[in-house]
2 protein chains.
Amino acid sequence: MTEPSVREAILTATYDALCEYGYTDLTAQAIADRTDKSKSHIFYHYDSVEDLVVDLVDFLLERFDEHAERMQSRPPIERLAAFVDWFLYGPDDAEQVAFHTALLELRAQAPYNDRYREQLRKSDDHLRDTLEEILRAGQESGDFREHDAAKMATMLVAAFDGARVRQLTLGRDEYLTDVRDAIADEILEGLLAEGVTFPDEFRSTDAPSRTDAATATATDADTATDSSCHD
Amino acid sequence: MTEPSVREAILTATYDALCEYGYTDLTAQAIADRTDKSKSHIFYHYDSVEDLVVDLVDFLLERFDEHAERMQSRPPIERLAAFVDWFLYGPDDAEQVAFHTALLELRAQAPYNDRYREQLRKSDDHLRDTLEEILRAGQESGDFREHDAAKMATMLVAAFDGARVRQLTLGRDEYLTDVRDAIADEILEGLLAEGVTFPDEFRSTDAPSRTDAATATATDADTATDSSCHD
DNA sequence: CGGGCCTGACTAACTAGTCAGACAGTGACC
DNA sequence: GGTCACTGTCTGACTAGTTAGTCAGGCCCG
């Protein structure tokens, strides 16, 4: 893997094929077809499709890092809102949906595959730590009341993740807004210090068509996420 | 499918094979091997493996129904505790873990498979509705303070589901107890009416080895769940 | 003897990974 | 400048392994 552009070409093709066919139906041929090279070319650079997928996760993680750093200077409330928006992206974002659908298949293989599990842990720790850090920053700035940031982060990530998994597997888009609202009412409301409020556009009921609010709040949040492969 | 015992034999074998190999590596041969009949026998009774899996979900759902009805007479607090225990079963229960690992693979296919999705919706609605009903019962009995039971049920199920998915895919058993505790502290605590408390053994920190508390509280909860196939 | 239940042997499709060799660039030597 | 050898990149054709589903026929029971 001398040329980084070769790696990028293959990984981009892998990402695209993954979005189109899903993980289960991902074939070396399908990846090659989205490249101007042959199937053998892939096996020249990677020993196996598994290797390729493992490297893809790293590749996507690098992008997420870049993004996370860019957000770090914003105020905690805004960061929290952006985090929620990013995590509970709307069902309109077809690419995100397709990618996370495939990602769920990959996650479902993790119990059987040490290397996948390791990669997902890396990516997951990152996410959870980012949220915890936002919560801590909010406590320091006085925007959030005192609470156990570690516990809260764990529970919120679980709830977000659960909502996403349920939306994908059950095909019920309501889950996203329902969970978002329930979390806003039952948890985040109690999290804010006296006199502090979320930006108006946060709650989904205030912005019935998720599209508007999402593009407003999450545009630059989305561009550098773990799932955007195209610049 | 005249004989119900034939159906049961095949479905039990399917369940066992699913636990052992996972959904992805589930083969008609593996199912047949756990039967005293041949592979062809399966295709005599079912048109495809997909049909078989769809029927398995129905089969497991029937069992869950029986169980849910048996619990209905208990007090709401106890039912809620049992529900949480059942949902966040400990990592010691190897069969549960194996089954839910395979189930996750199945869920991951649901976005691509209408029939699986439909089955999972049935099973999921059941679960969410059961929880909502517990919450409503608790409000009526005065054990829980007033709240939006529908929203709360949606969010709790998402959080539970998220915790379970994360435990399975990341192999981090801490997630279960962490989320359980976080939910106990941050949500359920605020849910209880004045002077009402959970049974002592509820919190995982009070019962460090989950096994004891789990077998105590959840024994009969577990026997008839969607995942126990052996009587 | 007829029909439902069941089987072994088979096929058809699919795909990860291999391999022998083509090809292009590069440097070195005449 | 020409040519030869070498090396790294890339390819088409192939293999080997897997498995869902089929089918002709065997067996047993009424």
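Bear in mind the structure is a predicted one, so any value in this text is a computation, not a measurement. Every heavy atom of this structure was used, including side-chain atoms; hydrogens, water molecules and symmetry mates were not. Letters go in sequence order (proteins before strands), and every chain restarts at 1.
- For A/Ser48, taking side-chain heavy atoms from C-beta onward, the closest of the listed nucleotides D/dG21, C/dG17, D/dA20 is C/dG17.
- The distance between atom CD of B/Gln29 and atom P of D/dA20, rounded to the nearest whole Å, is 9 Å.
- No salt bridge links B/Asp58 with B/Arg63; every basic N to acidic carboxylate O contact stays at or beyond 4.0 Å.
- Whole-Å rounding puts the A/Asp36 CG to D/dT9 P distance at 16 Å.
- Comparing atom distances between the B/Thr27 side chain and each of D/dT22, C/dA16, D/dT19 picks out D/dT19 as nearest.
- Listed by first then second residue, pairs satisfying salt bridge (Lys or Arg N to Asp or Glu O under 4.0 Å) with a partner in residues 36-50 of chain A read A/Glu50-A/Arg115, not counting sequence neighbours.
- Atom CZ in B/Phe43 sits about 18 Å away from atom P in C/dT11, given to the nearest Å.
- The NE2-P distance, from A/His45 to D/dG8, rounds to 13 Å in whole Å.
- Applying the 3.5 Å distance criterion, the base of D/dG12 shares no donor-acceptor pair with the side chain of A/Lys39.
- Note on B/Leu26: only backbone sugar-phosphate atoms sit closer than 4.0 angstrom, heavy atoms only; bases stay farther off.
- Following rounding to the nearest Å, B/Lys37 (NZ) and D/dG26 (C1') show an atom-to-atom distance of 15 Å.
- With the nearest nucleotide of DNA chain D identified for both A/Tyr44 and A/Ser40, A/Tyr44 has the one nearer the 5' end.
- Computed from coordinates, the B/Tyr46 OH to C/dC6 P distance equals 13 Å when rounded to whole Å.
- For A/Asp33 and D/dT11, the CG to C1' distance is 14 Å, given to the nearest whole Å.
- Note on B/Asp161 versus B/Arg107: salt bridge recorded, some NZ/NE/NH1/NH2 to OD/OE distance being below 4.0 Å.
- Straight-line distance from the NE2 atom of B/His41 to the C1' atom of C/dC5: 7 Å, rounded to whole Å.
- Electrostatic pairing of B/Asp124 and A/Arg166 counts as a salt bridge here, judged by a charged N lying under 4.0 Å from a carboxylate O.
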